[in-house]
Structures are given as structure tokens and as C-alpha cells.
Protein chains: 2
Amino acid sequence: MTQRTAKPIPQKPDARDDADERAFLAAYDAAEFPHPSVTVDVAPITTADGALHALLVRRTEHPAKGRWALAGGFVGMKESLDDAAERVLATKAGLSGIFLEQLYTFGDVNRDPRTRVISVAYYALVDHARLRRAQPEKGEVVVARIDVPWEGEAGGRVLALDADGCELPLAFDHADVLGLVVKRLRGKLDYAPIGFQLLPRRFTLRQLQEVHEAVLGRDVNKDSFRRSVLARGLVAATGEMEKDVPYRPAELYRYVNPDRARES
Amino acid sequence: MTQRTAKPIPQKPDARDDADERAFLAAYDAAEFPHPSVTVDVAPITTADGALHALLVRRTEHPAKGRWALAGGFVGMKESLDDAAERVLATKAGLSGIFLEQLYTFGDVNRDPRTRVISVAYYALVDHARLRRAQPEKGEVVVARIDVPWEGEAGGRVLALDADGCELPLAFDHADVLGLVVKRLRGKLDYAPIGFQLLPRRFTLRQLQEVHEAVLGRDVNKDSFRRSVLARGLVAATGEMEKDVPYRPAELYRYVNPDRARES
DNA sequence: GCACCTTGGATGCGACGAGCATATATGCGC
DNA sequence: GCGCATATATGCTCGTCGCATCCAAGGTGC
């Protein structure tokens with residue numbers, strides 16, 4: 001809310017509030033004090049091979065040149081935070097129309113060596129095939145495996161590994177940001193429909209279970225998982241079967257929003 | 001895993017990176033683009049009479065002059081967001097040393113009529129007696145009853161009522177902020193130790209139950225509540241009893257952090 | 001075609017916790 | 001002492017979760 005930290009604005013008398021307020025706003029000078037820079041950083045997340053993965057962007061400029069970072073950008077004066085996150089996700093990561101949610105705002109004084117930068121972090125959830133096809137307007141990207149060195153929802157920073165298992169150096173405090181993404185996803189997974197966002201529209205229950213195991217970092221009981229998913233009514237059978245598998249094909253399901261009807 | 005998607009960036013010679021980065025930082029001009037204002041808004045929360053209450057501050061300046069608002073202030077260039085929230089809580093609400101946690105960042109373009117203001121919202125948890133004694137450095141405050149017009153974790157804006165049940169007009173989007181506080185508290189209550197923050201150091205299990213009922217907005221089963229609280233090992237009996245009650249006094253408990261030892 | 005393997009999908013059992021009822025304990029007012 | 005309100009403990013039921021078992025269905029090798 002609103003209050004001015006430093007020298008107070010010259011006081012005006014109290015009456016005629018509307019005209020008074022208009023006059024106040026006309027005289028208001030937003031540039032009176034220095035303001036911090038505000039950015040959004042977006043972590044596009046998927047699951048594969050039993051682990052979480054995140055798309056990272058190689059920094060081509062200082063600071064942290066050459067290191068890997070989340071897709072980020074400054075917030076425009078006339079765009080909301082959500083709009084800025086969508087724009088950054090589209091331009092820096094080449095992804096649009098996918099699930100996007102605010103995570104946390106990082107505002108330590110020295111987190112960016114340039115100047116005071118406050119960063120509103122978002123995470124985006126997308127299925128693995130789509131993330132692999134992601135093509136930004138320019139720049140080098142990588143889909144890094146997230147290595148979580150803690151259990152459950154303890155929290156803490158995580159590591160980003162390339163295909164050979166080598167650690168990718170992360171820029172700024174992005175190892176903390178990604179750690180908080182993991183913690184948040186683990187906390188929300190069993191009561192919010194976020195597992196479906198990491199899969200294509202049609203999926204088998206086994207795939208959904210593998211997504212949960214990748215997010216949680218532990219095995220889940222197969223039968224209990226199936227029962228609880230089906231009992232919650234969040235998925236509907238399509239009658240179709242998966243193809244080209246060397247064993248008994250499983251039925252394909254789709255996510256149904258219990259509130260409103262949805263496309264198939 | 002990892003894959004490089006796009007055309008490689010024209011590489012600059014990689015050596016002398018440190019000196020290079022120092023030169024870049026020296027030439028960086030933070031005032032090159034206009035920046036939004038960044039504020040913190042703190043909602044001091046307690047429970048009483050079976051409902052959530054929040055401390056609100058009367059605005060003495062435009063905009064929204066005369067309306068009630070969360071305790072807020074601009075973020076200084078050399079203080080972290082958490083530090084700013086602590087400072088605002090101390091100066092605007094007269095409270096210090098209490099539980100404080102970031103909630104969400106509100107950044108719609110027109111949420112403040114003056115200029116672009118991005119607000120990082122926090123909530124603070126404090127026991128009722130302490131909130132009633134809170135005395136800011138200056139200004140008029142009120143402890144408003146929060147009326148939640150929705151059930152469970154549906155979410156949405158809430159109303160602030162004074163002692164007579166009359167609605168208090170809220171400034172900016174603070175009805176939404178308070179609504180999100182309620183939603184967050186309801187979601188975290190049963191797996192995070194936040195109920196204890198709303199009580200004095202020593203409390204009866206009945207008091208803890210009443211806190212839970214006030215936050216959740218519904219009754220909870222007494223015996224199940226007692227059993228689960230005791231089984232989780234988050235509280236320890238003190239051996240003391242409550243005094244001056246016209247019925248059998250209950251034993252006083254205290255919160256124990258299961259990780260590290262704590263004071264009694 | 002047939003044996004065999006692998007995975008999908010259903011059923012049954014026991015453990016555990018939540019909700020509910022009951023019984024007993026304890027301080028106060030009469 | 002007696003009644004009352006509340007605290008505190010115990011027993012019961014029921015739903016859910018974890019675990020084991022069984023059958024179904026498709027592919028592979030002979």
C-alpha cells in the first residue's frame with residue numbers, strides 16, 4: 001500500500017475530496033525517488049525419465065555471461081506481471097498458451113550485481129514433447145535435469161544437470177528459485193490439478209503416476225494412486241488405447257475440470 | 001535433458017571475463033528506463049470470537065483518503081523485501097518480532113491511480129492480545145473482523161467489518177489481498193505450524209482448536225483434533241493449568257519445534 | 001497355434017486415522 | 001455434598017491407504 005517513505009508530500013486541506021484527489025494525482029511525480037528494477041523470471045518445467053526438467057537460457061551478456069538462467073525480462077510500465085511472464089515465456093523460451101503461475105518474489109539487495117533488481121518468479125508447466133520443440137526467437141536453450149539433494153518438502157537449492165550428468169552453472173539466485181519451484185510443486189501436487197499440465201491431453205494412468213513420482217522424487221503405490229485418481233473424478237476414460245507398445249496397451253484418459261465442461 | 005535448440009550465438013572471445021564484467025557493470029545505467037514503484041503491504045492477522053481479524057490503517061492522504069488499508073510502504077533501494085515488510089510492520093502497525101511471511105505480488109497496471117505500483121504482500125500472525133495493544137508511531141488503526149463470503153479454499157475477496165458489524169471501505173485491491181491471505185492460511189493450516197503463531201506461548205488445546213475453527217470457518221471434531229495434534233508431537237504439556245475459569249481448568253501446552261530444542 | 005513374458009486393471013485384506021459416542025475426572029457455585 | 005460445565009481418556013465404526021493376489025490382453029519366440 002501506499003505511503004511515502006521519505007519527505008511527506010505537501011498537505012492539502014481535506015474538503016472536496018474528488019477534485020482534491022484529481023489535483024493530487026496530477027501533481028504526483030513518480031520519479032521523485034529512485035525505484036528498483038522489476039523483472040519476471042519464468043521456469044518452464046516438465047518431467048522426463050523420472051525427474052523434473054527445466055528449460056534454461058544461456059546468458060549472452062553480462063552479468064553472469066555464459067551461465068544458465070531462467071527466462072527473464074523487465075516488466076513494462078504498462079503490462080501486468082502475468083502479461084510480462086507470458087511475454088517472456090513466449091519470446092525467451094518460445095512457449096505460449098501453457099499453464100503459468102506466480103511462485104514468489106525475490107528481493108534481496110545484492111542478488112543482481114548490476115543494480116537493485118526485484119524479480120517476480122513464475123513457473124510454467126508443459127508436457128515434455130512440447131518443451132523439447134520449444135524454439136525461442138533467439139538464443140541458446142537447454143532442457144536441464146533438476147537434481148534435488150533434499151527429500152520431501154524440506155526445501156533448498158537444487159542442481160541443473162546436462163545430458164551427461166554434468167552440472168550446469170546457474171546465474172544469480174536461480175538455483176534457489178528452482179528449488180522453491182520443486183518445493184511448491186511437491187506441496188500442491190496432491191490437491192491441485194497440476195500433474196495434468198505436464199502431460200499431453202490424452203495420457204495413461206501410468207504416465208500420470210510417473211509424473212507424480214518425478215515431482216515427488218519417490219515411488220507412489222500404484223493401486224492406491226489409481227483408486228484415488230479415479231475416485232476424485234478428475235479424469236475421464238476416453239475409450240481409446242495407447243498404440244505401439246510391446247505389452248498390453250493401457251486406456252487413455254483425459255483431464256476433466258469438475259466445475260465446467262471441457263473439450264475432449 | 002539437454003539439447004541446444006537454436007542457432008548458436010555469435011561468440012565473443014571468452015577470455016578476461018572478470019575484467020569484462022566489471023567494465024560492463026561500471027557502464028550500466030539503472031535509470032535508463034522508467035521503473036515501477038515497489039511497495040510492501042503487510043496484513044497483521046489474528047483470531048478472536050471465532051473469526052479472523054486484521055489490523056487496518058486509516059489512510060490520511062490521497063489516493064483512497066479516509067479508506068482503510070493494509071500497513072504499507074515503499075521498498076528502499078538498500079533493504080530487502082523482508083526487511084521492508086518488517087520495517088513497515090513496526091512503524092505502521094507498531095508490531096515487531098512476530099511471524100511474517102510473503103504472500104503474493106500484485107502487479108496489475110491500474111491497481112493504484114497514482115502511477116504503476118507493484119506491491120509485494122505479506123501476512124503477519126500474532127496473538128489477539130498483542131494485536132489489540134499494537135500502537136503505531138502515528139495514525140489511526142482498527143482491528144477489523146474479516147467476513148469470508150465463500151467456503152473452503154474457493155478464494156475471492158472478503159469484507160472487513162468493525163465492532164458493530166458495519167463494513168469498512170477498503171483501499172485499492174486490499175479486499176483481494178486479504179482474501180488471498182485467508183485462502184493461504186486455510187491451505188497451510190493443517191501442515192504448517194501457523195496456528196501456534198496466533199496464540200500466546202502457553203495455550204490450551206481448546207484455544208488451539210478455536211484458532212483452527214476461526215481460520216477454516218467451520219467446526220472441527222474435538223477428539224480427532226486433540227489426537228492428531230498430540231500425535232504429531234508439535235506441542236508439549238507444561239504441567240501448568242489455566243486459571244480463573246468457572247469450570248475444570250485445562251492443561252497449558254506450548255509449541256515445540258520438532259527439529260531444534262526451544263524455550264519453554 | 002501355443003507357451004511365455006510383460007504390463008494393465010480389478011479384488012480382497014489389514015493397518016491406521018477421523019468421526020462419534022460414552023465414561024470418568026476435576027474445579028466451581030449452591 | 002450436589003449439580004454443572006468442561007477436560008480428558010476409551011471404545012467403536014467407517015473410509016482410505018498400502019500391500020498382495022488374481023485375471024486380462026497384447027507381443028514374442030518356438
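Just so we're on the same page: letters track the sequence lines, and every chain starts at 1.
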Practice problem: Ignoring hydrogens and angles, tell me if any N or O in the side chain of B/Glu242 forms a donor-acceptor pair with the backbone of B/Ala250 under 3.5 Å. | Solution: yes
Exercise. Measure from the side-chain N and O atoms of A/Gln102 to the backbone N and O of B/Tyr104, and report whether any donor-acceptor pair falls under 3.5 Å.
Key: no
Practice problem: Rounded off to whole Å, could you give me the NZ-to-C1' distance for the B/Lys243 and C/dC28 pair? | Solution: 14 Å
For [X] versus [Y], what's the shortest heavy-atom pair and its separation?
X	Y	result
A/Leu208	A/Gly195	CD1-C, 4.1 Å
B/Ala124	B/Leu89	CB-CD2, 3.9 Å
A/Leu131	A/Pro44	CD1-CB, 4.0 Å

Quiz item: Tell me, which pairs form a salt bridge (Lys or Arg N to Asp or Glu O under 4.0 Å) where one or both residues lie in residues 186-199 of chain A, sequence neighbours left out?
Solution: A/Glu101-A/Lys188
Exercise. Decide, yes or no, whether a salt bridge links A/Arg218 with A/Glu213 under the criterion of side-chain N to carboxylate O below 4.0 Å.
Key: no
Quiz item: What are the 5'-most and 3'-most nucleotides of DNA chain D lying under 4.0 Å from any heavy atom of chain B?
Solution: D/dT6 to D/dG11
Exercise. Over 60° means perpendicular and under 30° means parallel, so classify the ring planes of A/Phe225 and A/His212, tilted if in between.
Key: perpendicular
Practice problem: Sugar-phosphate atoms are those with a prime plus P, OP1 and OP2; base atoms are the rest. Using that split, label each nucleotide of nucleotides 2-12 of chain C B, S or - for protein heavy atoms under 4.0 Å, 5' to 3'. | Solution: ----BBBBBBB
